[in-house]
Amino acid sequence: MTEQLEYHHGQSKAVRELLVFTLGQEEYGIDILKVQEIRGYEAVTRIANAPAFIKGVVNLRGSIVPIVDMRIKFGLGEPVYNAFTVVIILNIFQRTVGMVVDGVSDVIQLAEDELRDPPEFGSVVETTYIEGLGTQGERMVIIVDIERLMSSDEMALVDITDRG
Amino acid sequence: MSQFHQVFFDETDEHLATMESVLLGVDLAAPDGEDLNAIFRAAHSIKGGAATFGFADLAALTHILENLLDKVRKGSMRLTADMVDACLNAKDVLAGMLGAHRGGEAVADSAISAVESWLERLVAGGHGEAHPVIESVPPAAAAAACATLYVELDCCLPATDYQALLQSLTALGELSVVQEGGGKDQLPWVLIFTSTLAADEVAESLAFSISPEHFRITQDHGQQDEGDFGLFLSSSIASPTQTAAASIAFEDDGFGLFEPLVPAAGDSAPAADMLYEEDGFGLFAPVAGPAAAPAAPAMLHEEEGFGLFAPLEPAAPEQAVAAVPAAAAVAPPRQERAAPAVENSIRVNIDKVDLLLNLVGELVITQSMLTQSSQELDAVQYERLLGGISALQRNSRELQEAVMSIRMTPIAFVFNRFPRVVRDLAGKLGKQIELKMVGENTELDKGFIEKLADPLTHLVRNSLDHGVESPEVRVAKGKSAVGRLTLRAFHQGSSIVIEVTDDGAGLNRERILAKARERGMPVNDALSDSEVWGLIFEAGFSTATEVTDVSGRGVGMDVVKRNIQSMGGRIDIDSMPDFGTTISIRLPLTLAIMDGMSVRVGRDIYVIPLSFVLESLQPQAQELKTVAGRGQLVNVRGQYLPIVSLAAFFGNVDAAAASDPTSAILVIVEAGGYQLALLVDELIGQQQFVVKNLETNYRKVEGMSGATIMGDGRVALILDISIIARHNQRPAQTAARQAMTDEA
């Protein structure tokens with residue numbers, strides 16, 4: 001992660017830029033460099049026998065991209081699909097994956113001293129995928145290692161054994 | 001420099017392959033002169049390239065090889081079987097060295113020195129008869145000799161980084177800039193370049209940065225006009241008189257030497273052939289221009305010996321000046337000459353072709369999207385638009401075919417290695433084999449060519465080792481002592497079929513079953529032949545009684561099958577005791593685009609590859625039967641086929657068809673010799689689909705072979721019929737078979 005840290009002029013503190021999205025009442029932050037774009041939800045092609053949180057695949061300018069609904073995966077928020085449903089297109093481990101969330105709130109910059117160690121519990125996301133907590137005043141953002149989460153076995157996005 | 005290495009590797013691969021195929025085909029009793037020349041040329045080209053790029057080991061070995069071949073070629077030694085073996089051996093070692101330079105495993109020094117001494121022994125065997133001059137001069141010295149070239153570059157070309165170009169030349173040799181290009185007069189760059197490279201090599205290097213019509217290279221051939229002159233200049237310090245003499249000669253007719261020959265060599269192959277009959281030998285002379293090997297020796301051979309030594313001399317400055325205009329003058333004919341001499345092809349990075357293919361794929365999608373939307377338009381009102389769309393459809397289809405054909409390569413590229421494999425193996429196993437190859441010109445996707453080599457080699461080795469019997473056994477069985485192995489390739493529908501057929505003992509059903517039991521596989525005697533044959537594809541399965549270094553270790557057939565399947569193909573075995581075995585590999589012609597039928601199941605659209613579809617029909621109630629209250633069958637002209645509901649297969653509850661087949665459509669498909677009827681709600685249409693890989697961003701989906709983008713921009717999944725068929729077969733199989741499949 002260190003290579004993605006940025007240094008601000010006149011300030012020696014490392015700053016991380018995070019895209020913040022909401023799932024239910026909770027706010028999650030992911031490394032903004034992993035985000036390719038943010039789109040509205042469009043009709044997906046369902047994939048037979050896939051877990052419920054994998055909504056299916058869509059055509060993103062010629063490539064076939066799977067769409068994951070984090071609301072279903074973590075049982076948060078209402079899985080409704082309308083004009084306001086947001087899909088974050090991620091670019092991780094040389095793949096493109098779409099992620100449905102309740103909403104995207106903003107982009108924040110987090111200084112080193114605003115970072116806290118991950119909690120032992122208290123999140124629907126398994127703590128192994130949580131890098132830490134970001135605090136800005138009253139606000140708390142759960143920082144997720146999205147790459148690790150998306151490549152995990154439980155997301156079932158990648159073949160567990162990638163044999164030829 | 002290293003960016004050229006790949007090109008050198010590729011070319012050397014080709015040269016080695018040529019060398020091998022010619023060596024194998026050569027008639028020992030009456031070798032064809034052209035064949036011998038071809039082998040020699042291949043060795044020579046490798047040596048030249050290797051010396052240029054600093055692969056001293058390759059150059060050293062090819063040098064000895066070349067010595068031997070040169071003698072044979074000139075008739076001062078007779079070609080013997082031992083020589084062919086030695087040359088083949090050398091070829092293998094060279095291939096190994098090449099692999100090592102590519103980052104592979106290094107070749108054992110002992111192997112190298114063994115083949116070197118073998119070759120040297122052979123060379124020495126003919127000593128005394130050959131031309132002493134050639135014998136005494138190590139051509140390595142010639143290769144290391146310096147040549148001075150005049151290079152003229154057109155200036156102000158867009159996208160040309162002259163400084164980088166000059167730097168890259170500096171890395172190759174000594175460079176001085178006579179005239180800087182550019183400025184308002186648009187002057188060309190004029191450079192003097194001294195290096196060990198021949199002009200054609202420099203030209204090739206330059207051609208990477210600048211297209212050939214924008215640069216000219218001339219050799220300093222001031223000393224080349226008199227036969228033995230160059231011979232004495234090897235000290236490389238020319239006395240003033242010699243320089244003067246050279247200059248004069250150069251102005252007189254030194255140049256003329258080149259000009260009349262230039263068109264002659266380039267005009268036609270016969271011209272080159274004619275010159276060949278004489279003792280071509282300016283082999284080490286850095287011939288100007290990107291001349292192909294055939295033309296080069298022919299041009300210079302008239303002056304016996306000079307080409308060998310002439311380039312030693314660095315140019316005197318005054319010659320340089322004199323030669324610059326001359327360089328420009330000679331340039332146009334040289335380019336004409338080069339064009340027909342080289343094979344009419346270009347080397348393109350495969351990524352570029354793939355990109356092109358992808359873009360064409362996108363174009364086809366867009367075009368079918370347009371076609372689909374235009375169908376709602378009024379034909380009269382939008383006549384011109386509709387006409388344009390149909391023209392677009394035709395053009396894009398043709399464009400697609402043209403682009404696809406770029407990737408198509410004759411299967412001969414794979415087949416060509418087998419004469420050698422068979423020859424070596426037959427010798428090792430003490431068997432007599434006659435190899436027959438049919439349909440080598442059948443074309444298939446280049447991507448397959450590379451992946452096919454290993455599985456096919458494995459099958460051929462297997463056939464030779466296990467299939468074909470030893471001569472005694474064959475004679476005892478009343479067969480001819482010589483076993484036959486046939487490699488056959490042909491197109492069938494939209495697939496290519498590759499067969500490996502031997503007339504050997506055939507697979508032994510009992511032994512395979514016994515072996516399966518021994519390994520604890522639950523099998524029984526009721527299995528059909530094809531099921532038994534299928535067992536040999538299980539991992540770790542080998543019925544060979546003893547392990548040889550040829551085969552029998554039980555790794556292989558499962559890998560072969562996996563490789564073939566990963567290419568979207570399948571492999572079938574047909575075997576008869578004592579008549580032989582045929583293993584056929586069936587591959588799609590290309591993976592990128594296929595014809596398919598789109599069907600609707602509930603709300604979802606699926607694509608069935610057309611190659612699997614036999615027919616579709618709407619069943620009548622009386623044609624439907626149930627078996628044991630569970631499975632449904634349909635009677636198609638007397639044949640009862642199992643019905644597979646795609647809705648049930650994919651767990652689609654909203655498909656209407658699930659309940660009533662008579663209101664739906666049955667698509668009869670065939671996979672692996674097994675027919676079944678797929679129950680779908682509706683047929684939508686038949687069209688070409690660009691196949692997209694699901695695994696690029698997602699993972700493999702059971703029962704799906706990929707995805708495609710429909711005319712409306714939505715994604716449709718492509719069914720993997722063979723998987724669906726296998727799924728359906730499963731419950732019908734014996735419990736034993738089921739347990740085994742699960743285990744596998």
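As the structure is a computational prediction, the values presented were derived from the model and not from experiment. Naming convention: chains lettered A, B, ... in sequence-line order (proteins, then strands); numbering from 1 in each chain.
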Exercise. What residues, two or more places apart in sequence or in another chain, satisfy side-chain contact (heavy atoms from CB on, under 4.5 Å) together with B:Leu392?
Worked result: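 So B:Leu392 forms a side-chain contact (heavy atoms from CB on, under 4.5 Å) with B:Gln367, B:Leu370.
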Seminar exercise, completed: Sequence neighbours excluded, the answer for side-chain contact (heavy atoms from CB on, under 4.5 Å) partners of B:Arg397 is B:Glu401, B:Asp595, B:Gln688
Exercise. Does atom CG of A:Asp117 have more than 12 heavy-atom neighbours, drawn from other residues, nucleotides or ligands, at distances under 6.0 Å?
Worked result: no
Exercise. What option among B:Thr708, B:Leu694, B:Val715 has the most heavy-atom pairs under 4.5 Å with chain A?
Worked result: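 Ranked by heavy-atom pairs under 4.5 Å with chain A, first place is B:Val715.
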Seminar exercise, completed: Most contact-rich option vs chain A, by heavy-atom pairs under 4.5 angstrom, among B:Asn697, B:Val701, B:Ile709, is B:Asn697
For this session: Please state whether the side chain, the backbone, both or neither of A:Ile54 comes within less than 4.5 Å of a heavy atom of chain B.
Result: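 Contact with chain B is through the side chain of A:Ile54 alone.
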For this session: Determine the option with the most heavy-atom pairs under 4.5 angstrom with chain B, choosing from A:Val97, A:Val65, A:Ile47.
Result: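 Option with the greatest count: A:Ile47.
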Problem set entry | Flag, side chain of A:Arg95 to backbone of B:Tyr698, donor-acceptor distance under 3.5 Å | yes
Problem set entry | Nearest-0.5 Å distance that lies between atom CZ in B:Arg714 and atom OG1 in A:Thr45 |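 If I round to the nearest 0.5 Å, the distance is 5.0 Å.
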